[in-house]
Amino acid sequence: MINKLVPSLAEAVNGVKDGSVIMISGFGEAGSPIELIHALIDQGAKDLTIVSNNTGSGHVGIASLIEHRRVRKMICSFPRTTNSVVFPELYSQGEIELELVPQGTLAERIRAGGAGIPAFYTPTSVGTPLEEGKETRVFDGQTYLMEHGIKADFSLVKCEAADRYGNLVYNKTARNFGPIMCTAAETTIVQARGMVELGELDPEAVVTPGIFVQRIVEINHPLDESKLVSENWRYPWN
Amino acid sequence: MINKLVPSLAEAVNGVKDGSVIMISGFGEAGSPIELIHALIDQGAKDLTIVSNNTGSGHVGIASLIEHRRVRKMICSFPRTTNSVVFPELYSQGEIELELVPQGTLAERIRAGGAGIPAFYTPTSVGTPLEEGKETRVFDGQTYLMEHGIKADFSLVKCEAADRYGNLVYNKTARNFGPIMCTAAETTIVQARGMVELGELDPEAVVTPGIFVQRIVEINHPLDESKLVSENWRYPWN
Amino acid sequence: MELDKNKAGWSKEQMAQNVALDIPDGSYVNLGIGMPELVAGFVPEGREVIYHTENGLLGMGPEPEEGKEDPELINAGKKYVTAIQGACYFHHADSFTMIRGRHIDVCVLGAYEVSERGDLANWSTGKPGAVPAVGGAMDLVAGVRNIFVITKHITKQGKPKIVQNCQLPLTGKGVVKRIYTNLAILEVTQEGLVVNKMAPGLGFDELQEHTDAPLTMASSSKKSR
Amino acid sequence: MELDKNKAGWSKEQMAQNVALDIPDGSYVNLGIGMPELVAGFVPEGREVIYHTENGLLGMGPEPEEGKEDPELINAGKKYVTAIQGACYFHHADSFTMIRGRHIDVCVLGAYEVSERGDLANWSTGKPGAVPAVGGAMDLVAGVRNIFVITKHITKQGKPKIVQNCQLPLTGKGVVKRIYTNLAILEVTQEGLVVNKMAPGLGFDELQEHTDAPLTMASSSKKSR
């Protein structure tokens with residue numbers, strides 16, 4: 001029987017290795033799988049490359065992962081947000097690498113990684129400092145850059161509901177990078193606000209087909225990351 | 001006020017010109033917008049390039065469009081289906097062009113066209129006769145082909161329900177090429193089995209966001225193409 | 001002649017209204033963070049405009065009432081928003097299909113600098129050591145059909161923001177179509193910057209003086225309305 | 001020695017069962033049109049296998065009861081099918097993301113010819129004037145992790161289908177992993193074709209005689225079960 005539900009956060013993040021490439025869903029706090037990230041901190045893997053739109057806020061979630069010196073390199077579009085303190089400090093000290101990627105190019109690179117497309121051409125960032133070192137090519141008189149697909153060893157994704165096959169639906173703008181990141185990892189690990197029976201998700205409205213998901217952990221009441229940040233919490237809690 | 005509903009099939013296909021590139025949704029008969037295709041026959045444009053998975057069956061729908069000598073070129077993956085008689089005959093006489101594209105490459109080229117991606121690399125059809133004339137390139141030791149995005153002047157698409165903004169949902173496997181074709185045309189023309197009020201479609205379950213749709217015509221009881229084919233109907237009906 | 005360039009001319013709200021008047025009925029519009037957001041408040045009666053936010057919502061509505069904020073319903077600036085009837089959600093790749101695929105009609109952005117050829121610099125102050133952050137700005141300028149810039153005509157230090165050549169790192173080359181400042185509305189054309197309209201009480205020479213690129217008057221331009 | 005090669009060995013159903021036994025629990029599987037479809041009928045008790053059809057359905061179920069056919073619920077062969085509990089629908093680009101992105105575990109296909117290096121010819125008979133039609137075959141062989149071929153060992157004319165070099169236009173190069181015929185189960189390896197199992201009553205020499213490529217016995221292979 002197919003049942004992708006695992007009983008604990010620790011089992012969910014089992015097997016992450018030093019040096020792994022990990023995609024983490026979310027746009028700011030919306031859709032960020034904070035419990036999975038904290039489980040990853042507990043798990044201990046280091047030298048990670050993290051692919052995520054932002055670098056986290058305050059001292060929880062991705063920011064805490066970075067603060068614990070587990071991250072060698074960030075691939076993201078917007079590393080500087082309100083309340084983002086950890087990354088900027090390490091970055092200015094030269095202690096963390098940054099690959100800055102325009103948001104749409106980041107999304108398309110992740111989608112390409114998941115779709116078996118090794119590279120594609122895009123008009124985005126042509127003529128800007130971000131085209132540096134990239135191949136350009138003219139199609140129909142317009143210049144484009146070649147960009148490469150990105151694959152990950154693991155994706156950590158937050159969703160609203162899941163069934164045991166791994167079919168997922170999301171909530172509003174918390175969907176953001178989740179569906180494409182599910183497609184681009186060898187092992188996709190999902191935290192779901194609720195598990196439902198097979199057939200409860202409308203087959204016309206499933207956003208992530210189960211084929212893209214390997215493990216699910218149920219977190220009925222995920223932490224409100226914005227609140228933790230505004231109250232200045234730090235993970236681990238002690 | 002935004003209202004993409006047009007009152008008639010004739011108005012829906014208005015403006016198609018000789019030489020237009022037209023995408024037509026459907027996989028076999030499922031999802032094929034037969035009323036729009038017949039309206040296009042009535043409209044009279046010729047020298048068309050048609051992008052569609054198949055070449056139609058019997059003497060209705062795409063087959064009838066071809067039989068009326070309106071199609072200069074087909075871009076498709078499977079031009080030969082049971083009951084496909086019109087295309088094979090014209091093809092064997094050298095009276096219609098064929099660009100044969102593997103189905104997944106066809107889908108990805110359409111998606112790329114809609115997403116502003118002029119070209120991408122794919123492993124599909126490397127080492128086969130279909131790689132002929134195409135650029136190859138090695139990434140990470142594996143050989144890929146470069147394929148180009150396809151754009152259309154018009155897309156003709158069938159869906160299940162639409163609202164006045166052009167948000168669409170589909171029915172089962174009749175979805176197939178519809179959503180990506182909606183993104184890839186200058187003007188997307190949809191036939192919907194039913195119009196619904198704004199807000200009736202679940203915003204989490206909309207498959208085609210309205211931004212990709214320009215015109216909708218309501219066809220509550222579309223013809224059953226398989227039945228027409230098996231009963232050997234011909235369009236026009238007389 | 002000295003005028004208080006930051007206070008002179010149109011107010012922020014009037015600038016936003018100038019932009020809103022130029023957005024046709026039925027447009028799909030992406031508004032940048034900050035001053036561009038004001039544009040949504042000035043859509044003329046009878047026009048329906050649909051707002052896209054690149055984090056996955058088409059049909060963005062106004063801020064929620066207090067107490068109705070949903071942390072999973074935000075805009076690209078990470079502020080709480082609402083969704084209108086007829087809205088829909090989608091993932092990031094689909095969202096940037098809308099942008100890169102030229103499906104968005106208008107994007108209104110702020111600027112550090114705009115050149116007479118429509119080059120835009122609005123993502124990096126170029127300061128060494130600062131953390132660079134680009135977000136969706138480069139995608140928007142590369143993909144949206146009409147890029148409108150809304151900005152003060154000069155910096156707080158009195159330096160022109162509209163220039164012959166941008167000094168700061170570019171967001172995009174030759175991408176801006178029209179510039180809405182507190183002093184004027186400028187069109188970027190093949191022949192350079194054309195003044196479509198000037199703020200009330202402002203003379204052409206004054207405007208030129210505060211612009212680091214040659215201006216020409218549009219034949220049909222009105223000095224004010 | 002002459003044996004009736006078309007009747008000898010395993011039946012179609014036994015061939016399908018041989019394939020089904022090699023598909024692990026929890027696999028995502030795409031079945032080609034024709035003989036491959038039989039495989040779905042032989043999934044061993046206790047295993048759950050999910051079927052993908054490239055026209056946009058994951059969780060394809062068996063044929064519908066008579067009278068319950070839905071023209072908008074079909075498989076890649078355009079036959080009426082059903083959807084299981086837990087199925088979902090998607091568009092063609094997403095469907096081929098599953099294929100090209102190596103998310104499908106097993107694809108079972110028919111063949112005109114298979115070479116000892118795993119080259120597959122199954123889309124074109126190469127006859128001049130015929131309408132070429134490829135469908136999703138090239139995408140499947142390029143993207144699916146395990147390509148299994150199910151085919152009669154020889155043609156109706158008695159010609160070997162398993163050959164040193166394919167004569168017909170290729171669907172893919174070096175893509176086939178295992179070949180299930182009425183006479184044997186063959187593994188494609190770096191060292192050539194290895195016999196995993198032979199049909200009951202068949203000798204190795206006989207098998208080799210009807211195969212246009214050198215075979216070796218797997219050390220652990222059983223002559224029958």
Side-chain angles (χ1 to χ4, degrees), chain A residues 25 27-31 53-55 57 76-82 84 87-88 91-92 98 100-108 110-112 114-115 122-130 143-144 158 160 170-183 207-208 224-227, chain C residues 53-58 60 69-83 87-102 117 119-121 123-124 126 128-143 166 168-175:
Chain A
S25 68
F27 183 85
E29 284 100 74
N53 192 59
N54 306 104
T55 59
S57 299
C76 70
S77 91
F78 210 80
R80 176 185 79 205
T81 37
T82 334
S84 171
F87 179 85
Y91 180 76
S92 69
L98 170 64
L100 188 71
V101 183
Q103 200 172 129
T105 299
L106 182 64
E108 191 66 13
I110 295 166
R111 185 209 171 259
T122 175
T124 298
S125 81
V126 169
T128 78
L130 296 193
T143 305
Y144 296 84
K158 184 183 188 177
E160 186 64 17
Y170 299 82
N171 184 42
K172 304 189 181 78
T173 57
R175 183 183 305 194
N176 57 68
F177 284 90
I180 49 174
M181 287 182 169
C182 284
T183 70
V207 175
T208 291
D224 180 341
E225 188 171 340
S226 311
K227 205 165 159 244
Chain C
T53 179
E54 59 264 36
N55 55 317
L57 167 60
L58 190 69
M60 181 174 64
E69 299 87 355
D70 179 343
E72 300 199 322
L73 181 45
I74 60 174
N75 68 9
K78 286 154 191 151
K79 284 191 211 154
Y80 300 124
V81 295
T82 52
C88 58
Y89 300 101
F90 34 82
H91 61 57
H92 250 80
D94 283 349
S95 186
F96 282 84
T97 285
M98 296 178 192
I99 293 171
R100 199 189 311 98
R102 306 193 81 73
R117 288 174 308 282
D119 298 351
L120 174 66
W123 74 282
S124 166
V131 181
V134 66
M138 289 186 183
D139 306 283
L140 286 162
V141 301
C166 295
L168 294 173
L170 292 188
T171 312
K173 244 184 144 91
V175 292

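At a 4.5 Å heavy-atom cutoff, the contact between A/V101 and chain C is made by backbone atoms alone. Residue C/I99: no heavy atom, backbone or side chain, is found under 4.5 Å from chain A. Heavy atoms of C/A87 lying under 4.5 Å from chain A are absent altogether. For C/F96, the part lying under 4.5 angstrom from a heavy atom of chain A is the side chain only. Looking at A/L106, there are no atoms closer than 4.5 Å to chain C (heavy atoms on both sides), in backbone or side chain. For C/T171, the part sitting under 4.5 Å from any heavy atom of chain A is the backbone (N, CA, C, O) and nothing else.
With chain C as partner, the option from A/R175, A/E29, A/E225 having the largest number of non-hydrogen pairs under 4.5 angstrom is A/R175. Counting heavy-atom pairs under 4.5 Å between each of A/A30, A/P79, A/S92 and chain C puts A/P79 at the top. Of the residues considered (C/A133, C/A83, C/G143), C/A133 shows the highest number of contacts with chain A, using heavy-atom pairs under 4.5 Å. Heavy-atom pairs under 4.5 Å with chain A peak, among C/P71, C/P132, C/G56, at C/P132. For the options C/A93, C/A142, C/G136, C/G135, heavy-atom pairs under 4.5 Å to chain A are most numerous at C/G135.
The two residues C/A130 and A/Y91 have their closest heavy-atom pair at O-CE2, 4.1 Å. Across C/E72 and A/G31, no two heavy atoms sit closer than the pair OE2-N, 4.1 Å. The heavy-atom pair separating A/Q103 from C/E54 by the smallest distance is OE1-CG, 3.8 Å. Nearest heavy-atom pair, A/N171 versus C/D70, reported as atom, atom and distance to 0.1 Å: ND2-OD2, 4.3 Å. Here the shortest heavy-atom pairing between C/K173 and A/G127 reads CD-CA, 4.2 Å. Minimum interatomic distance between C/G172 and A/T128 (heavy atoms only, all atoms of both residues): N-CG2, 4.0 Å.
Listed by chain and residue number, A/S84, C/V131 satisfy the side-chain contact (heavy atoms from CB on, under 4.5 Å) test with A/P88 (two or more places apart in sequence, or in another chain). Evaluation of the salt bridge (charged side-chain N to carboxylate O under 4.0 Å, His left out) rule for C/D119 yields C/R117 as partners, not counting sequence neighbours.
Here the CZ-NZ distance, from A/F78 to C/K78, works out to 6.5 Å after rounding to the nearest 0.5 Å. Taken to the nearest 0.5 Å, the CG atom of C/D139 stands 8.0 Å off from the OG atom of A/S77.
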CA sep, side-chain torsions, deciding dist, call: A/F27, C/N75, side-chain contact (heavy atoms from CB on, under 4.5 Å)
CA-CA 10 Å; A/F27 183 85; C/N75 68 9; over 6 Å; no
Could you please spell out the steps behind the side-chain contact (heavy atoms from CB on, under 4.5 Å) verdict for C/L57 and A/K172?
CA-CA 8 Å; C/L57 167 60; A/K172 304 189 181 78; over 6 Å; no
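Under the 4.5 Å side-chain criterion, counting only non-hydrogen atoms from C-beta, C/H91 is not in contact with A/Y170. Between C/W123 and A/P102, every side-chain heavy-atom pair lies at or beyond the 4.5 Å cut-off.
Between the side chain of C/R100 and the backbone N or O of A/G104, at least one donor-acceptor pair lies under 3.5 Å. No donor-acceptor distance shorter than 3.5 angstrom exists from the side chain of A/T173 to the backbone of C/N55, with no hydrogens or angles considered.
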